[in-house]
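Atoms considered below: every heavy atom in the structure, side chains included; atoms not considered: hydrogens, waters and symmetry mates. Residues take their numbers from the sequence shown, with the count starting at 1.
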Amino acid sequence: MSTRLDVALAAQGLATSRTHARRIVEEGRARVDGVRADKPSAPVDPDSRLDVVDVPLGGEYASRAAHKLLGALAAFGVDPAHRRCLDAGASTGGFTDVLLRGGARAVSAVDIGHGQLLARLREDERVSSLEGTNIRGLDPDRIGGAAELVVGDLSFISLRTLIADLARLTAPGGDLLMMVKPQFEVGRARLPRSGVVTDPALHRAAVVGVVQEAWAHGLELVGVAASPLPGQDGNREFFVHLRSADPRPAGAASTLGQAAYDMIDQAVRGPSLPPPAADGTTEGAHRA
């Protein structure tokens with residue numbers, strides 16, 4: 001009698017749960033008799049050979065989101081090694097996990113929720129877990145001073161509303177890799193009933209809005225790329241690579257240069273980043 005693939009993966013100890021198994025399948029890392037399987041519900045015969053490929057050194061990452069950040073770090077050539085980092089919207093810790101494995105000196109994992117960060121990350125001496133903490137108004141002293149590298153995967157809120165705080169929490173010359181989620185940027189009036197934004201014009205507007213706000217708060221655009229994986233609901237998402245510079249005069253956001261718009265257009269028109277290769281390299285980012 002056949003069994004669902006996600007159930008079979010968990011039963012054979014290749015995944016810690018059905019949720020983890022679904023994530024493995026969605027990432028394209030499940031194999032049935034040597035053939036890639038893309039549906040968690042796919043029926044599997046009892047005598048089929050199951051495998052999970054591309055398991056990272058140290059075991060599976062804390063969340064599916066880790067693979068998004070891995071792709072962005074590789075595409076933009078950003079190295080977290082020896083840097084003090086801020087993970088804004090840490091949740092279970094996918095981004096924090098990537099930063100630690102990349103050699104980060106310290107990571108402040110900030111999330112407005114409670115009890116989400118995996119225990120193995122919370123217990124790592126390099127991690128400061130700030131649960132129940134809002135990025136808005138956060139004092140840099142609570143994270144040991146402005147961070148050298150800021151990453152973020154924030155949901156249910158427009159990234160534009162937090163840019164001023166993120167800029168304030170970034171050290172001069174520091175890098176930010178922030179995920180832009182069009183479904184939270186376009187506004188309810190323009191959000192389809194499905195919750196999935198498919199119009200490239202809206203994708204562009206979402207990224208432009210964030211980049212303009214960032215420019216107004218002294219954050220230079222370095223690169224733009226589509227995430228290597230879609231959101232859980234199928235939404236296309238984008239990473240912007242920003243760098244801390246000097247504050248702009250009030251109202252100066254409209255002078256964002258043409259090169260920035262060109263980068264955004266290329267990222268929106270082009271394919272998503274491929275997942276990083278075994279050596280951590282990938283291609284597809286658009287840079288200034």
Side-chain angles (χ1 to χ4, degrees), residues 19-20 23 26-27 56-124 126-131 133-135 138 143-144 146-157 159 162-163 165-166 169-171 174-181 184 210 222-223 225-232 235 237-242 272-273 275-276 280 282 285:
T19 298
H20 182 206
R23 193 172 83 219
E26 290 169 354
E27 291 166 359
L57 185 65
E60 295 287 348
Y61 284 102
S63 75
R64 176 176 180 269
H67 296 274
K68 300 180 183 182
L69 182 60
L70 280 169
L73 287 171
F76 296 132
V78 175
D79 187 356
H82 313 299
R83 302 176 85 175
R84 276 194 313 104
C85 305
L86 166 63
D87 181 2
S91 186
T92 56
F95 282 15
T96 292
D97 204 355
V98 169
L99 296 172
L100 293 175
R101 297 193 200 199
R105 185 168 83 250
V107 180
S108 294
V110 177
D111 199 278
I112 201 165
H114 293 269
Q116 298 183 70
L117 192 66
L118 293 191
R120 67 174 173 83
L121 300 175
R122 189 172 58 251
E123 294 164 2
D124 191 299
R126 293 171 292 170
V127 175
S128 297
S129 177
L130 281 73
E131 296 183 333
T133 301
N134 198 326
I135 288 293
L138 178 63
I143 61 170
E148 298 163 311
L149 172 60
V150 176
V151 299
D153 178 3
L154 297 152
S155 298
F156 309 110
I157 189 171
L159 187 56
L162 297 175
I163 284 293
D165 293 279
L166 292 166
L169 293 166
T170 306
D175 292 297
L176 299 91
L177 267 61
M178 303 303 300
M179 187 181 294
V180 179
K181 300 185 173 187
F184 302 124
V210 170
V222 181
S227 171
L229 293 174
Q232 294 282 13
N235 265 297
E237 299 169 342
F238 300 86
F239 275 97
V240 291
H241 177 195
L242 307 167
S272 298
L273 288 171
T282 190

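A81 approaches D79 most closely through the heavy-atom pair N-OD1, 3.0 Å. Contact between D153 and A65 at its shortest, heavy atoms only, is OD2-CB, 3.8 Å. The minimum heavy-atom distance linking A66 with G94 is given by the pair CB-O, 3.5 Å. Between I143 and S108, the shortest heavy-atom contact is CB-OG, 3.4 Å. Smallest separation of non-hydrogen atoms from L154 and F184: O-CD1, 4.4 Å. Contact between S63 and T92 at its shortest, heavy atoms only, is CB-OG1, 3.4 Å.
Partner of C85 under the side-chain contact (heavy atoms from CB on, under 4.5 Å) criterion, out of T96, V107, D175: V107 alone. None of E26, E27, E237 except one satisfies the salt bridge (charged side-chain N to carboxylate O under 4.0 Å, His left out) rule with K68; the exception is E237.
Residues satisfying the side-chain hydrogen bond (donor to acceptor under 3.5 Å, both in side chains) criterion with S91, sequence neighbours excluded, are Q116.
In this structure, D87 and V127 have side chains that are not in contact, with every pair of non-hydrogen atoms separated by 4.5 Å or more. For the pair H67 and P228, the minimum side-chain heavy-atom distance is 4.5 Å or more. Side-chain contact between L121 and D97 is present, with at least one heavy-atom pair separated by less than 4.5 Å.
How far OG1 of T170 is from CG of D165: 10.5 Å, rounded to the nearest 0.5 Å. How far CD1 of I157 is from NZ of K181: 12.0 Å, rounded to the nearest 0.5 Å. Summarising the geometry, atom CD1 belonging to I135 is positioned 11.5 Å from atom CD1 belonging to I163; distances are rounded to the nearest 0.5 Å. To the nearest 0.5 Å, atom CZ of residue R126 and atom CG of residue L100 are 4.5 Å apart. Taking CG of L73 as the start and CZ of F239 as the end, the distance is 8.0 Å to the nearest 0.5 Å. Note that the CD atom of E148 and the CG atom of L86 stand 12.0 Å from one another [nearest 0.5 Å].
Ring geometry, H241 versus F76: the interplanar angle falls from 30° to 60°, so the pair is classed tilted.
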Run the side-chain contact (heavy atoms from CB on, under 4.5 Å) test on L176 and L166 for me, step by step, so that the C-alpha distance in whole Å, both residues' side-chain angles and the decisive distance to 0.1 Å come before the verdict. CA-CA 8 Å; L176 299 91; L166 292 166; 4.0 Å; yes

Inset, instruction - Determine, step by step, whether M179 and L69 satisfy the side-chain contact (heavy atoms from CB on, under 4.5 Å) criterion, reporting the C-alpha distance in whole Å, the side-chain angles of both residues, the deciding distance to 0.1 Å, and the verdict. - result: CA-CA 9 Å; M179 187 181 294; L69 182 60; over 6 Å; no

Might you work through the side-chain contact (heavy atoms from CB on, under 4.5 Å) test for L138 and T133, ending with a clear yes or no?
CA-CA 8 Å; L138 178 63; T133 301; 3.7 Å; yes

### Task
Apply side-chain contact (heavy atoms from CB on, under 4.5 Å) to V210 and M178, showing your working.
CA-CA 10 Å; V210 170; M178 303 303 300; over 6 Å; no

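Remark: side-chain polar atoms of R64 are not paired, donor with acceptor, to backbone N or O of R23 under 3.5 angstrom. Between the R84 side chain and the A146 main chain, a donor and an acceptor come within less than 3.5 Å of each other. Under a 3.5 Å cut-off, the side chain of R122 and the backbone N or O of S129 do not form any donor-acceptor pair.
For D124 and R120, the salt-bridge test fails: no basic side-chain N is under 4.0 Å from an acidic carboxylate O.
Taking the ring centre of Y61 as origin, the terminal cationic atom of R101 falls inside the region bounded by 6.0 Å and 45° from the ring axis.
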